[in-house]
Student: 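If you scroll down you'll find the structure; I have some questions about it.
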Amino acid sequence: MSDHSKSIKRAYPLPQTRNIGICAHIDAGKTTLTERVLFYTGMIHRIGEVHDGQATTDWMEQEQERGITITSAAVTCEWKQLPAEGLFKPFQGVAHRVNIIDTPGHVDFTVEVERSLRVLDGAIVVFCGVAGVQPQSETVWRQADKYRVPRIVFVNKMDRVGADFANVVEDIREKLGANAAPVLIPIGAEESLSGQIDVINGRAIVYSDDDVLGSTCQVRELTDDEAAIAAAARSALIEQLVDADDEVGTLFLEEKPIGAEEIKAGLRRATIANKIVPVAGGSAFKNKGVQAVLDAVLDYLPSPIDIPPALGHDPEDEEARIEVATDDDAKLCALAFKLWSDKFVGKLVFFRVYSGKVAKGDMVYNPRTRRKERVGRLIQIQAAEHKDIEVCYSGDIAAMVGIKNVTTGDTFCDPALEVMLEPPSFPEPVISMSIEPRTTADQEKMAVALQRLGEEDPTFVVRTDEETGQTIISGMGELHLEVIQDRMRREYKVDTNSGKPQIAYRETITKGAGGEGVLKKQTGGKGQYGHVILAVAPNKRGVGLTTENKVVGGAIPKEFINACMAGIKEAMISGIIAGYQVVDVHVDLLDGSSHDVDSSEQAFKMAAIFAMKDAFMKASCQLLEPVMNVECVTPTSWGTSIGGGEKSGRSRPVATSASSRPKCRSRKCSATRPTSARSLRAGRAIRWNLPTSIPSPTTSFNLSSNSAAVRSSPSPSRNQSSDLSTPTMESQTIRIRLRAYDHRALDRSTEEIVDTAKRTGAKVAGPIPLPTRIEKFSVNRSVHVNKKSAEQFEIRTHKRLLDIVDPTARTVDELKKLNLPAGVDINIKI
């Protein structure tokens, strides 16, 4: 490395560095939490919301329009634990650098979570306080387990109706098998959420609603009820630490006092060892509990020197393991975990330095290609913003420009070190569609765009169908491929037409069979002759193709054996039922014959293909569908009906269990069933959350633009009434959905509804901003209608959702009399 790198001092020592990721199920609040972290650390001065498309880490146009995270975004901030009376903070007053990667929650983009967790030292896993452990939550938890990433849990959305911290903690223990330990318990829930109980310090942290976005908090003594909760949680925490940490266990056995300092030190060791998972509760959207979570990141998650050294292997010998210790003065070793094409900078290579350091202008060595390349620029990524840096030290995450021949998972090292780190693993694509440019002129641009997008995303695969000549793109789901096409249109200016998505079926055989293939062709000169006899048999599911050469006596010359094997592999690409790939087959090459003059490798390859097709015709081939696990959560009275419906859809129930939650007595029916093209996702589980009893027919009415129209759903039964004027609304909920093009008029309407509800004695939960929707339409500028005369327009639709709890008859009357701004549509359901 250059001498220039040695002359620059790092701003933050390794013990004061944290590399963390924020991951969870979609819509659990990851990006909202990241936005608050950046605000409280001073990196941004205005909080942007996901539903407005203003979040810092949701910088892509596709993310802003859909209100979801699509690509992982890296940001860097500084956090210093502030002194507070009565709270022990081990890193108080010491500035720490926190590198954060905000990952997507949608299963279609699980590759972003996979490669991010590969290079991170710790993670914050976010759970919804109402839904608890959701399907993608389990997926990201398994990914973190695979890379042994220490993590803490943040139970978000404790301000929502139905939030229950204790249920979520129990859910984590039951479904994920995690040793969850609450350390910051929410004070109150739903609209009464006010702060957190610090279990270790025995204090209450209260956030003021009047403060500027919860920037400060007040520490006070616990009330009697809070003290009882804290004492029970602290006792349980010490019991967990006694089992997980030797030092705390020794103090306990010697009956020595275990104070806050000993508990935090022991909990940090147990968290880094993946023996305990600290749990905190709060609400990122309501600005309650985020600062305490940042303190927990410093307290419990590891620095780069707290984790075991990275393991690699010798490029010449995969069995020779090499340890890469985190040290600035060691030889360079870094892992490229993501590629991205930037329209201003070019190809960005995101990397994590495990040892040594790299400076701008240095030469780095790639053991895979055995080539050296020069680093043109080093960039510190702040979501969509780029900041040039001179040196990247061990433990840091940055991006480099100037490296050309690189793929995701490549290792950069010193030529004298020669080590290859383990790359992240990626799932196979599960859905495909055909694609073609709208004009011939776009053919070349489409090829370039597909090549670059394929380099960025290992789960996006492009191939050409040999029979039809179509370009086939494959990905993790319909949304994944939709975003790919949208990026091609916006970033590469390529308009495309696409066919319908197709499920990635597979074919296999169900019984053994023999096959014979002969190629005999004479064209006047040297002919083509090959003769192959083989046998096929089913393999165990997941084994794939296995072959064995049982040819004796030189019936097939040795020089043609490899050609036969190549023909066998090629025949597996396309089955005889629908042309899908054949899997899990064992092939024995038995016999054949050759010609002294006319036999060739190509002839035997084709003969082997013919023999495989002949064997498939006799082996009772079967089509394999993708299979997924489905968990149904339903009231007991509905279990039989839903079970019967699942069986009729060719599902196979595997387990049923009863759940005894305080708010929902339900029965869980897990089933495995084939998926459709619409619902197919890798590793995805679907859950239906249903009410505890069959709801009565509802009455709804729409209000829009200074007028009210009442609509009634099917008439109630004999024991029910739909008269909204009677005071029978207690313990019911009015759900209100608002929709408008002008977000200012929408906000005014929301405030008016909230004021009306509170004025009439009801409680309000929300409002909850819903993702905006882009509506497109065309206007013809000429009576001669054609493509040129039609002008495209886009309008952003804003939506809000709120619940009015325990409404009175007066509440309903006042809602009917609302005088709404023009252009605001409201749907109200009781």
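Remember, it's a predicted structure, so these values are computed and weren't measured experimentally.
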Student: Got Val391 and Leu378 here, is their nearest side-chain heavy-atom distance under 4.5 Å?
Tutor: no
Student: Rounded at 0.5 Å granularity, tell me how far CG in Asp457 sits from CZ in Arg115.
Tutor: 6.0 Å
Student: Where do Ile44 and Glu35 land on the side-chain contact (heavy atoms from CB on, under 4.5 Å) test, with the steps shown first?
Tutor: CA-CA 8 Å; Ile44 59 176; Glu35 193 74 8; 3.3 Å; yes
Student: Under 3.5 Å, is there a donor-acceptor pair between the side chain of Arg368 and the main chain of Met420?
Tutor: no
Student: Nearest 0.5 angstrom please: Thr76 OG1 to Gln380 CD, how far?
Tutor: 4.0 Å
Student: Between the main-chain N or O of Ser72 and the side-chain N or O of Glu112, is there a donor-acceptor pair closer than 3.5 Å?
Tutor: yes
Student: Go through it in stages, so that I can follow the logic: the residues are Phe109 and Thr103, the test is side-chain contact (heavy atoms from CB on, under 4.5 Å), and I'd like the CA-CA distance, side-chain angles, deciding distance and then a yes or no.
Tutor: CA-CA 9 Å; Phe109 311 107; Thr103 63; over 6 Å; no
Student: Is it true that Arg151 and Asp145 have a side-chain N and a carboxylate O under 4.0 angstrom from each other?
Tutor: yes
Student: Return yes if some donor-acceptor pair links the side-chain N/O of Arg36 with the main-chain N/O of Ala284 below 3.5 Å, else return no.
Tutor: yes
Student: Do Phe350 and Ile101 have side chains that approach each other closer than 4.5 Å (heavy atoms only, starting at C-beta)?
Tutor: no
Student: For the residue pair Ile322 and Glu418, what are the closest heavy atoms and their distance?
Tutor: CD1-O, 3.8 Å
Student: Keeping to residues at least two apart or across chains, list the side-chain hydrogen bond (donor to acceptor under 3.5 Å, both in side chains) pairs with something in residues 14-24.
Tutor: Asn19-Asn99, Asn19-Asp121
Student: Hey, what do you get for OH (Tyr147) to OG (Ser116), rounding to the nearest 0.5 Å?
Tutor: 10.5 Å
Student: Run Thr459 and Glu114 through side chain to side chain donor-acceptor pair (under 3.5 Å) and show every step you take.
Tutor: CA-CA 11 Å; Thr459 60; Glu114 184 81 23; over 6 Å; no
Student: For Cys23, run the side chain to side chain contact (heavy atoms under 4.5 Å, CB included) check against Ile124, Val149, Val125 and tell me which one passes.
Tutor: Val125
Student: Could you check if a side-chain atom of Ile152 sits within less than 4.5 angstrom of a side-chain atom of Phe154, using non-hydrogen atoms only?
Tutor: no
Student: So Trp141 and Phe127, would you call those rings parallel, tilted or perpendicular, with 30° and 60° as cut-offs?
Tutor: tilted
Student: Just how far is it from atom OG of Ser474 to atom CZ of Arg463, taken to the nearest 0.5 Å?
Tutor: 5.5 Å
Student: Measuring only between side-chain heavy atoms, which start at C-beta, is Met400 closer than 4.5 Å to Phe412?
Tutor: yes
Student: Does any part of the side chain of Asn156, heavy atoms only, come nearer than 4.5 Å to the side chain of Leu33, both counted from C-beta?
Tutor: no
Student: Examine distances only and state if a side-chain atom of Lys360 and a backbone atom of Ile379 form a donor-acceptor pair shorter than 3.5 Å.
Tutor: no
Student: Has Asp108 got a side-chain atom pairing as donor or acceptor with Leu479's backbone, closer than 3.5 angstrom?
Tutor: yes
Student: The test is side-chain contact (heavy atoms from CB on, under 4.5 Å); show your working for Val75 and Asp102 and say whether it passes.
Tutor: CA-CA 8 Å; Val75 291; Asp102 178 29; over 6 Å; no
Student: Roughly how far, to the nearest 0.5 Å, is CG of Asp314 from CG of Leu417?
Tutor: 9.5 Å
Student: Are the side chains of Asp27 and Lys157 in contact, using a 4.5 Å heavy-atom criterion?
Tutor: yes
Student: For Lys146 and Ser425, run side chain to side chain donor-acceptor pair (under 3.5 Å): C-alpha distance rounded to whole Å, both residues' side-chain angles, the deciding distance at 0.1 Å, then the answer.
Tutor: CA-CA 10 Å; Lys146 179 167 67 174; Ser425 58; 2.8 Å; yes
Student: Atom CZ of residue position Arg321 - does it have more than 12 heavy atoms of other residues, nucleotides or ligands inside 6.0 Å?
Tutor: yes
Student: Determine the minimum heavy-atom distance between His480 and Gly475, stating which atoms define it.
Tutor: ND1-CA, 3.5 Å
Student: Counting heavy atoms not belonging to Glu444, are there more than 12 under 6.0 Å from its CD?
Tutor: no
Student: Can you establish whether the number of heavy atoms outside Lys347 located under 6.0 Å from its atom NZ is more than 12?
Tutor: yes
Student: Let me see the working for Met488 and Ile435 under side-chain contact (heavy atoms from CB on, under 4.5 Å), right down to the final yes or no.
Tutor: CA-CA 12 Å; Met488 291 174 63; Ile435 190 172; 4.1 Å; yes
Student: Kindly confirm or rule out a cation-pi arrangement of Arg487 over Trp340, judged by NZ or CZ under 6.0 Å from the six-membered ring centre and within 45° of its axis?
Tutor: yes
Student: Under the 3.5 angstrom rule, does the side chain of Glu78 hit a backbone N or O of Ala95 as a donor-acceptor pair?
Tutor: no
Student: Show your reasoning for whether salt bridge (charged side-chain N to carboxylate O under 4.0 Å, His left out) applies to Asp396 and Arg97.
Tutor: CA-CA 10 Å; Asp396 286 345; Arg97 177 179 182 175; 3.8 Å; yes
Student: Which atom pair, heavy atoms only, marks the closest approach of Val406 to Asp410?
Tutor: CA-OD2, 3.5 Å
Student: With a 4.5 Å limit on heavy-atom distance, are the side chains of Asp486 and Arg489 in contact?
Tutor: yes
Student: Could you check if a side-chain atom of Val119 sits within less than 4.5 angstrom of a side-chain atom of Tyr354, using non-hydrogen atoms only?
Tutor: yes
Student: Please name the residue in the list Thr326, Asp327, Asp328, Asp329 that meets the side chain to side chain donor-acceptor pair (under 3.5 Å) test with Ser394.
Tutor: Asp328
Student: Between Ser434 (side chain) and Thr471 (backbone), is there a donor-acceptor pair under 3.5 Å?
Tutor: no
Student: Return the minimal non-hydrogen interatomic distance between Leu335 and Gly409, and the atom names on each side.
Tutor: CD1-O, 3.5 Å
Student: Could you tell me the separation between the CD1 atom of Ile272 and the CG atom of Leu301, rounded to the nearest 0.5 Å?
Tutor: 8.0 Å
Student: Does any N or O in the side chain of Arg352 come within less than 3.5 Å of the main-chain N or O of Ile397, such that one atom is a donor and the other an acceptor?
Tutor: no
Student: Under the criterion side chain to side chain contact (heavy atoms under 4.5 Å, CB included), which of Thr496, Val461, Leu481 is the partner of Ile473?
Tutor: Leu481
Student: Of the non-hydrogen atoms in Ile307 and Pro304, which two are nearest, and what is the gap between them?
Tutor: CG1-O, 3.3 Å
Student: Is it the case that more than 12 heavy atoms not belonging to Arg371 sit under 6.0 Å from its CZ atom?
Tutor: no
Student: Could I get the full list of side chain to side chain donor-acceptor pair (under 3.5 Å) partners for Arg438, not counting sequence neighbours?
Tutor: Asn497
Student: For Ser137 and Gln134, indicate whether the former's side chain and the latter's backbone hold a donor-acceptor pair under 3.5 Å.
Tutor: yes
Student: Where is the tightest heavy-atom contact between Ile431 and Glu478, given as atom of each residue plus distance?
Tutor: CD1-CG, 3.8 Å
